[in-house]
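Below, each value reflects all heavy atoms present in this structure, side chains not excepted, and no hydrogens, waters or symmetry copies. Just so you know, residue 1 is the first one in the sequence shown, and it goes up from there.
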Amino acid sequence: LIAAARRLGIGSLSVDLIYGLPRQTPESFARTLDRLIEARPERLAVYSYAHLPQLFKPQRQIHDHELPSAEDKLALLGLTIERLGQAGYVYIGLDHFALADDELVRAQAAGTLQRNFQGYSTHADTDLVALGVSAISKVGDSYAQNAKTLGTYYRHLEAGQLPIERGIALDAEDRLRRAVIQHLMCATHLDFGDIERAFGIDFEQHFAAELERLGPLLADGLAVRDGAGLRVTERGRLLLRHLAMAFDGRLAASQALSPGARHSRVI
């Protein structure tokens, strides 16, 4: 497929990989990485497998004891970063890699990198219209997720309706927190002054509880207080989601509403 795409003149290819699958080992994953390095796609997204058998019935056929441990999964991610780095790929963060001359790498260096539901992007904050089961649209300051099952999805379409199952309209606090999380995920540093000027707040006062919640992560070396700001360390780039979650104002509320729900683990 990659060779055919090249013949057709497609100049930028991205490949998705999943680590943490049943019976996966560093040796087997290394062979996969070697094959892909030979094919040399411009970008790679290497995702952690999310085991949620209570949500996805086919996953109930997978035995827990066949899944790699969190430590083994972290080792697989470390192997990926090492092998791809040696092959000339740059770790953008949050599972994404790109060749050193790719526009994603240039955008990160220039401070213009963006992130949306499709991953990292060089485009400004644009609207996204999602097509397909469970896909999430972003239009203006609203998010909307499509129905999660084919039957419901098609019933909406056949009735002449958008197949939207749920959505949310962002308020001023949501927009503030989105900007903070974007800074952390894209620039891997957070200048409190930038946020204060953009939103008219005192950062340390507004986010006092969040900064306190970050204490254990700072102690673990995932980030450091750098003057009036936060800087993500190399170790912290592996666990960016943990840092971002500290600023997610809706996370605690969603867990309170659904105390039995389980979301995919960061690792």
Side-chain angles (χ1 to χ4, degrees), residues 91-96 104 106-128 130 136-145 166-259 261 263-266:
Y91 183 44
I92 301 295
L94 277 177
D95 317 319
H96 284 67
L104 286 182
R106 297 197 300 270
Q108 188 173 53
T112 59
L113 191 64
Q114 301 283 323
R115 184 167 175 83
N116 54 40
F117 287 111
Q118 297 298 103
Y120 286 105
S121 170
T122 58
H123 301 288
D125 192 21
T126 56
D127 290 341
L128 290 173
I136 301 173
S137 296
K138 174 195 170 297
V139 179
D141 279 333
S142 69
Y143 295 97
Q145 184 173 28
R166 59 178 179 163
I168 187 171
L170 273 63
D171 59 24
E173 183 67 16
D174 292 325
R175 292 191 289 271
L176 164 61
R177 291 176 179 271
R178 178 174 64 180
V180 170
I181 291 171
Q182 279 271 3
H183 274 72
L184 279 173
M185 288 187 167
C186 296
T188 65
H189 72 268
L190 178 63
D191 187 314
F192 297 169
D194 288 346
I195 300 297
E196 289 173 339
R197 287 185 289 274
F199 292 91
I201 64 163
D202 180 306
F203 190 97
E204 297 199 41
Q205 179 179 336
H206 193 95
F207 289 110
E210 286 76 9
L211 292 172
E212 183 177 350
R213 198 153 54 236
L214 281 172
L217 303 183
L218 299 182
D220 285 341
L222 302 188
V224 295
R225 287 291 299 267
D226 188 6
L230 283 174
R231 179 174 56 81
V232 180
T233 63
E234 287 300 312
R235 175 185 292 184
R237 293 179 69 193
L238 301 178
L239 297 166
L240 268 176
R241 285 186 179 86
H242 268 308
L243 294 167
M245 284 162 62
F247 293 96
D248 186 341
R250 293 184 178 270
L251 186 60
S254 68
Q255 291 173 339
L257 287 173
S258 304
H263 300 283
S264 59
R265 295 185 179 94
V266 175

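- Under the 30°/60° scheme for interplanar angles, the aromatic rings of Phe247 and Phe207 are found to stand perpendicular.
- A donor-acceptor contact shorter than 3.5 Å links the side chain of Gln182 to the backbone of Arg115.
- Counting heavy-atom neighbours within 6.0 Å of Arg213 CZ, excluding the residue itself, gives a total above 12.
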Please report, to 0.1 Å, the donor-acceptor pairs under 3.5 Å made by any side chain of residues 215-222, with sequence neighbours excluded.
none

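- Atom CE of Met245 sits about 10.0 Å away from atom CD1 of Ile181, to the nearest 0.5 Å.
- With values rounded to the nearest 0.5 angstrom, Ile136 atom CD1 is found 11.5 Å from Ile168 atom CD1.
- Put simply, NE2 on His189 and CG on Leu184 are 9.5 Å apart, with the number rounded to the nearest 0.5 Å.
- Here the shortest heavy-atom pairing between Glu204 and Glu196 reads N-OE2, 4.5 Å.
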Task: Evaluation steps, side-chain contact (heavy atoms from CB on, under 4.5 Å), between Ile195 and His183 - done: CA-CA 9 Å; Ile195 300 297; His183 274 72; 4.0 Å; yes
Task: Steps toward side-chain contact (heavy atoms from CB on, under 4.5 Å) verdict (Gln108, His96) - done: CA-CA 12 Å; Gln108 188 173 53; His96 284 67; over 6 Å; no
- [ ] Kindly determine whether Glu210 and Val180 satisfy side-chain contact (heavy atoms from CB on, under 4.5 Å), including the steps that lead there.
- [x] CA-CA 12 Å; Glu210 286 76 9; Val180 170; over 6 Å; no
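- When side chains are defined from C-beta on, Tyr91 does not count as touching Glu234, because their heavy atoms never get closer than 4.5 Å.
- Atoms CG and OG1, on Leu243 and Thr188 in that order, are 10.5 Å from each other to the nearest 0.5 Å.
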- [ ] Might you work through the side-chain contact (heavy atoms from CB on, under 4.5 Å) test for Leu214 and Leu230, ending with a clear yes or no?
- [x] CA-CA 10 Å; Leu214 281 172; Leu230 283 174; 3.6 Å; yes
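- Note that NZ of Lys138 is 5.5 Å distant from CG of Asp127, once rounded to the nearest 0.5 Å.
- When every heavy atom of Thr122 is checked against every heavy atom of Ala107, the shortest pair comes out as CG2-CB, 4.0 Å.
- Looking at every heavy atom in both residues, Cys186 comes nearest to Tyr120 through SG-CE2, 4.0 Å.
- Looking at every heavy atom in both residues, Arg175 comes nearest to Leu170 through NH1-O, 3.2 Å.
- In this structure the side chain of Asp174 reaches within 4.5 angstrom of the side chain of Arg250, judged on heavy atoms.
- Residue-environment remark: CZ (Arg235) stays at or below the threshold of 12 foreign heavy atoms within 6.0 Å.
- To the nearest 0.5 Å, atoms CG (Leu94) and CE (Met185) are separated by 5.0 Å.
- When all heavy atoms of Arg197 and Asp194 are compared, the closest pair comes out as NH2-OD1, 2.8 Å.
- Minimum heavy-atom separation, Glu173 to Arg177: OE2-NE, 2.8 Å.
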